[in-house]
Amino acid sequence: MTATLTMNKRGTLVVITGATGVGKTDTSIKVSQAIDAPIVSCDSRQIFKEMRIGTAVPSDEQLAAAEHHFIRCRSIFEPYNCGQYEKEAIELIDKLLQRHSHVILTGGSGLYIDAVTRGFDPIPPADDNVRTMLAAKLEREGLASLSEMLARLDPDYAGLVDHHNRQRIMRALEVCLTTGRPYSSLRKGESRERNFVPLFILIDRPRAELYRRIDQRVDAMISEGLVDEARGLHPFSHLNALRTVGYSELFDHFDGLCDLDTAIELIKRNSRRYAKRQLTWFRRNPEYKTFSPDDTEQIIAYITSHKQ
RNA sequence: GGGGAGGUACCAAAGUGGCCAACUGGGGCAGACUGUAAAUCUGCUGACUUAUGUCUUCGUAGGUUCGAAUCCUGCCCUCCCCA
């Protein structure tokens, strides 16, 4: 059964991921050149054209060194989410696999990787009015009131969620209210049939080294002009795309909540924390094969040995 | 040399006789997470451990006390002021 399905696949999707700052970009480019595979970015923030320095977008030289997709092609002013990304990425990957045996999916957005490799259940995105209504209720009556509401509308999910997590509770309620069905009844967690076979590669390095690189990269961003980039975006700080490490902290500084040095320290700290969360996410998938960023040769050998 | 302040776990910082293995924050570690995901949230952080369990901690050495991080004494160290 599995073998039959595998044979119908058009090609291999080489997923190359790792925590922020490990060195995914360089490795991906080398691999791309070696196996002649285009790179599809899987990064929830590098996709926005208005953000460049703070998201560590590949340099012009790096972009020129390999075929890249989904880098700085959206605007922070248009709403975007991982459901949309799933659809667009799948379409693109299918198209690329007509000309290539391998496509590289690289980036650190774990949920986005899952969206592509596994797929989401067909749950509709939230209705704006419903979301606004719920936000108002939260403001007025507090989180406990939303919790109670969820317990009525979807007792199953209410038994699972962390009741401190307003974002989760909100989403569940949004779905319940917009579809008229319990959120949990729509969350099947079923994998979608895909046109490719995924090959999971995790780039990792010793924690201390990773943290050092993150700190250094933040300093580099600052000297590249992150503060000015953020200042230009400050008027739009309410946009979801800008709720991002590297920007939020500077917005707080512009708002007089902390001095610049503190903001920079917080960017470092929050980047480290983010990296840690990423690793927790990746660890959940046992299919990842881990490599050091310098192991380009081994990575390429690993990929080619998995030729169908 | 004289006067003052202080030494608490990785760091900062509460605690000033029992409810203290010690508030809180940082840092660190671990985890959850299917449409906000660079987001949102949770747990642990002296050791051994299944533990409402045992053992070792609050500069250091003694002492007082049924009982001390908390009181007393000596010593060491840090900072400030006067010499």
Side-chain angles (χ1 to χ4, degrees), chain A residues 17-22 24 41-48 51 53-57 76 79-89 107-128 130-132 134-135 138 143 146-147 157 160-175 178-179 183-192 207-208 210-211 214-215 217-218 221 226 230 238-251 262 265-285:
Chain A
T17 191
T20 186
V22 248
K24 297 184 288 290
S41 167
C42 188
D43 189 302
S44 71
R45 298 292 127 114
Q46 290 185 1
I47 199 163
F48 295 112
M51 301 155 81
I53 301 172
T55 57
V57 165
I76 58 172
Y80 198 78
N81 62 46
C82 53
Q84 229 169 310
Y85 176 81
E86 172 186 1
K87 207 169 127 242
E88 292 170 7
S109 301
L111 183 66
Y112 283 43
I113 294 174
D114 284 5
V116 172
T117 56
R118 244 181 274 161
F120 285 156
D121 293 316
I123 305 175
D127 180 280
D128 276 346
V130 172
R131 178 170 288 191
T132 309
L134 286 170
L138 173 65
L143 185 56
L146 293 187
S147 265
Y157 190 69
L160 294 175
V161 251
D162 181 342
H163 285 264
H164 296 281
N165 196 327
R166 64 193 125 88
Q167 202 162 283
R168 290 277 141 65
I169 290 177
M170 289 276 280
R171 157 104 268 242
L173 286 173
E174 284 166 7
V175 174
T178 52
T179 64
Y183 178 50
S184 56
S185 71
L186 301 167
R187 294 172 88 233
K188 300 271 196 287
E190 287 166 0
S191 291
R192 302 291 208 82
R207 191 63 61 88
L210 176 66
Y211 285 2
I214 287 172
D215 290 350
R217 193 168 72 162
V218 171
M221 286 175 178
L226 179 59
H238 59 283
L239 294 175
N240 182 253
L242 289 171
R243 294 176 61 202
T244 299
V245 174
Y247 296 87
S248 321
E249 296 83 355
L250 288 171
F251 294 156
T262 305
E265 282 315 303
L266 288 174
I267 293 173
K268 291 176 182 174
R269 182 190 82 182
N270 293 336
S271 299
R272 278 182 248 124
R273 289 180 172 178
Y274 168 51
K276 211 169 168 306
R277 266 178 276 133
Q278 288 178 297
L279 291 169
T280 299
W281 181 283
F282 301 140
R283 257 191 296 247
R284 194 160 65 154
N285 180 351

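In what follows, chains are A, B, ... by sequence order, proteins preceding strands, each numbered from 1.
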So does A/Arg273 get a side-chain nitrogen or oxygen closer than 4.0 Å to the phosphate oxygens (OP1/OP2) of B/rA39?
no
On RNA chain B, does the nearest nucleotide to A/Gly83 precede the nearest nucleotide to A/Ser248 from the 5' side, or the other way round? Give the residue.
A/Gly83
Heavy atoms only, 4.0 Å cut-off, all strands: where does A/Asp43 land among base, sugar-phosphate and nothing?
base
Between A/Arg207 and B/rC29, does any side-chain N or O lie under 4.0 Å from OP1 or OP2?
yes
Could you work out which one of B/rG35, B/rA37, B/rG28 sits closest to the side chain of A/Phe120?
B/rG35
Say we look at B/rC19 and B/rG3: how far apart would their P atoms be, to the nearest angstrom?
37 Å
Taking the same atom, P, in B/rG63 and in B/rA68, what whole-Å distance lies between them?
12 Å
Is the shortest side-chain N/O distance from A/Tyr211 to OP1 or OP2 of B/rC29 below 4.0 Å?
yes
Can you see if the side chain of A/Arg171 gets near the phosphate of B/rU34 - specifically, an N or O under 4.0 Å from OP1 or OP2?
no
Are there over 12 heavy-atom neighbours, none belonging to A/Lys188, within less than 6.0 Å of that residue's NZ?
yes
Take atom CZ of A/Arg168 and atom P of B/rU34, then tell me their distance rounded to the nearest Å.
7 Å
Donor-acceptor pair under 3.5 Å, A/Arg243 side chain vs B/rU36 base:
yes
Take the protein atom OH of A/Tyr183 and the nucleotide atom C1' of B/rC33, then report the distance between them rounded to whole Å.
9 Å
For A/Asp162 and B/rU42, what is the distance between atoms CG and P respectively, to the nearest whole Å?
6 Å
Rounded to whole angstrom units, what separation is found between the CD atom of A/Gln167 and the P atom of B/rU42?
12 Å
Does A/Arg277 count as lying over the ring of A/Trp281, i.e. NZ or CZ under 6.0 Å from the six-ring centre, within 45 degrees of the axis?
no
Can you find a side chain N or O atom of A/Arg277 that sits less than 4.0 Å from OP1 or OP2 on B/rG31?
no
Choose from B/rU36, B/rG35, B/rG31 the nucleotide whose nearest atom is closest to any side-chain atom of A/Pro125.
B/rG35
A/Arg243 side chain vs A/Ser248 backbone, donor-acceptor pair below 3.5 Å:
no
Less than 4.0 angstrom between a side-chain N/O of A/Tyr274 and OP1 or OP2 of B/rA39, yes or no?
no
Taking atom types as modelled and ignoring hydrogens, do the side chains of A/Arg217 and A/Thr20 form a donor-acceptor contact shorter than 3.5 angstrom?
yes
Out of B/rC41, B/rG31, B/rC29, minimum distance to the side chain of A/Lys276 belongs to B/rC29
Measuring only the P atom in each nucleotide, how far is B/rG59 from B/rA14? A whole number of Å is fine.
14 Å
Taking B/rU40, B/rA30, B/rU36 as options, the one with an atom nearest any side-chain atom of A/Arg283 is B/rA30
Within the modelled atom types, does a donor on one side and an acceptor on the other bring the side chain of A/Asn81 and the base of B/rU36 under 3.5 Å apart?
no
Can you tell me if the side-chain N/O atoms of A/Thr280 get under 4.0 Å from OP1 or OP2 in B/rA30?
no
Presence of A/Arg118 side-chain N/O under 4.0 Å of B/rU34 phosphate oxygens OP1/OP2:
no
For the P atoms, the ones on B/rG43 and on B/rU50, what distance do you get once it is rounded to whole angstrom?
23 Å
If I pick the C1' atom on B/rG17 and the same atom on B/rG26, what distance separates them, to the nearest angstrom?
31 Å
Looking at B/rC33, I'd like to know if its phosphate oxygens (OP1 or OP2) sit under 4.0 Å from a side-chain N or O belonging to A/Arg284.
yes
Closest to the 5' end of RNA chain B, once A/Thr20 and A/Trp281 are matched to their nearest nucleotides, is A/Trp281
Side-chain (A/Gln46) to main-chain (A/Thr55) donor-acceptor, under 3.5 angstrom:
yes
